[in-house]
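A short write-up of the structure that comes next.
Naming convention: chains lettered A, B, ... in sequence-line order (proteins, then strands); numbering from 1 in each chain.
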2 protein chains.
Amino acid sequence: MSGAEITIGALSEQTGVNIETVRYYERIGLIPPAHRSAGGRRVFDADDVRRLSFIRRARQLGFSTDEIRSLLDVAKGARACKDAHALAVKHRDAVRASIRDLRRLERTLTEAADRCSKGVSPGCAIVEALSH
Amino acid sequence: MSGAEITIGALSEQTGVNIETVRYYERIGLIPPAHRSAGGRRVFDADDVRRLSFIRRARQLGFSTDEIRSLLDVAKGARACKDAHALAVKHRDAVRASIRDLRRLERTLTEAADRCSKGVSPGCAIVEALSH
DNA sequence: TTAACTCCTGTAGTGGCTACAGGAGCAAGC
DNA sequence: GCTTGCTCCTGTAGCCACTACAGGAGTTAA
């Protein structure tokens, strides 16, 4: 069922997650302790690839490791789907707030940079903008 | 010229920068070592208030401490205005890229959350979205 | 057998703070 | 002059999510 065994290097390549990061995830308990070969090396299988890919996508969406723990619980049925929904909505709202903040910020930076390049302001427009 | 001397607490209140953060800024050399009172306490003046306010606004705009070092150099005339302009433009572009990324992310999260709340997907839509 | 490669553990560093612990200065009231 | 309570001091450690070593050991191909 679980198919071929792969090394940490192969796991890293197949999922796009850094080797050091895989070991880090194991250390903080985001993934279970890997089985070991006779020589003491970590051995992974297709389930591990799926789990790690899941984690990677969740990280790309900006979920924290603690939130991912909850999402993994939902994925394996140990927690209700509505918890995942709540997390996603909460996270989406945070993202929306970030976007609003960044838009304001972008305007401010653009204004300062434009005035500067036009040489309108007496001193440096960037510095001026930061001084009041 | 430099006016009344104030404590670190007053400086913190007037600038909105945490006391611990002020000491941290001194430690990393973002602000010069403060003068000391007879009892060994830090003493600040109006110039320090201005400098720290400048730093605070720059941080709010997302500049890193290293970038702020450069901006402070521009402010005191030790570096050309065009360097500040370049920093602002570079930073603005990074902000724009962030906004684009966050927009995509927001769409993904919204789609997943919407499908979930409508109960369309067989399993959990959030988990589904993370699984492919 | 040897060289090249991958993997191991453990520790420390990143940025930008923040949070203590344990002590000392300082101002006001009694 | 003494106490109380506040602010301040230094030094260290913690946060997040990694990343980067050092120094050693397993593994594979020529």
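With sequence neighbours excluded, the residues satisfying side chain to side chain donor-acceptor pair (under 3.5 Å) with B:Asp66 are B:Arg69. By the side chain to side chain donor-acceptor pair (under 3.5 Å) test, B:Arg107 pairs with no residue at all, sequence neighbours left out. Partners of B:Arg23 according to the side-chain contact (heavy atoms from CB on, under 4.5 Å) rule, which considers only residues two or more places apart in sequence or in another chain, are B:Ile8, B:Ile19, B:Glu20, B:Arg42.
Rounded to an integer number of Å, the gap from CD of B:Glu26 to C1' of C:dT18 is 17 Å. The distance from atom CD1 of B:Ile6 to atom P of C:dC26 is 17 Å, rounded to the nearest whole Å. Between B:Arg59 atom CZ and C:dT18 atom C1' there is a gap of 14 Å when expressed in whole angstrom units. Taking atom CD1 of B:Ile19 as the reference point, atom P of C:dC17 lies 15 Å away to the nearest angstrom. Atom CD1 of B:Ile8 and atom C1' of C:dG25 are 14 Å apart (whole Å). Rounded to a whole Å, the CZ atom of B:Arg42 is 14 Å from the P atom of C:dC26. What separates OH of B:Tyr25 from C1' of C:dG15 is a distance of 11 Å, to the nearest Å.
Shown here for B:Leu105 and A:Gln60, the closest heavy-atom pair between the two residues is CD1-O, 3.7 Å. Taking all atoms of both residues into account, the shortest heavy-atom contact from B:Ile6 to B:Gln14 is CD1-NE2, 4.0 Å.
Legend: ring-ring contact (aromatic ring centres under 6.0 Å, His included) pairs involving residues 46-79 of chain A, not counting sequence neighbours, sorted by first then second residue: A:Phe63-A:His91.
In this model, the phosphate group of C:dG16 is not approached by any side-chain N or O of B:Thr21 to a distance below 4.0 Å at OP1 or OP2.
Residue-level contact check: B:Phe63 touches neither bases nor backbone, having no heavy atom under 4.0 Å from any strand. Within 4.0 Å (heavy atoms only), A:Ile28 reaches no atom of the nucleic acid at all.
Taking the charged nitrogens against the carboxylate oxygens, A:Lys90 and A:Asp93 have no contact shorter than 4.0 Å, which rules out a salt bridge. Using a 4.0 Å cut-off between charged nitrogen and carboxylate oxygen, B:Asp101 and B:Arg104 count as a salt-bridge pair.
The span of DNA chain D lying next to chain A, judged by atoms under 4.0 Å from heavy atoms, is bounded 5' to 3' by D:dA17 to D:dT27.
In this structure, the separation between CD1 on B:Ile55 and CZ on B:Arg50 is 13.5 Å, given to the nearest 0.5 Å.
In this structure, the helix from C:dT1-D:dA30 to C:dC30-D:dG1 shows an angle of 20° between the axis at its start and the axis at its end, each fitted on 5 base pairs and rounded to 10°.
Mapped onto DNA chain C by nearest heavy atom, B:Asn18 and A:Thr7 fall at different nucleotides, with A:Thr7 at the one closer to the 5' end.
Checked against C:dC17, C:dT18, C:dC7, the side chain of A:Arg23 finds its nearest nucleotide in C:dC7.
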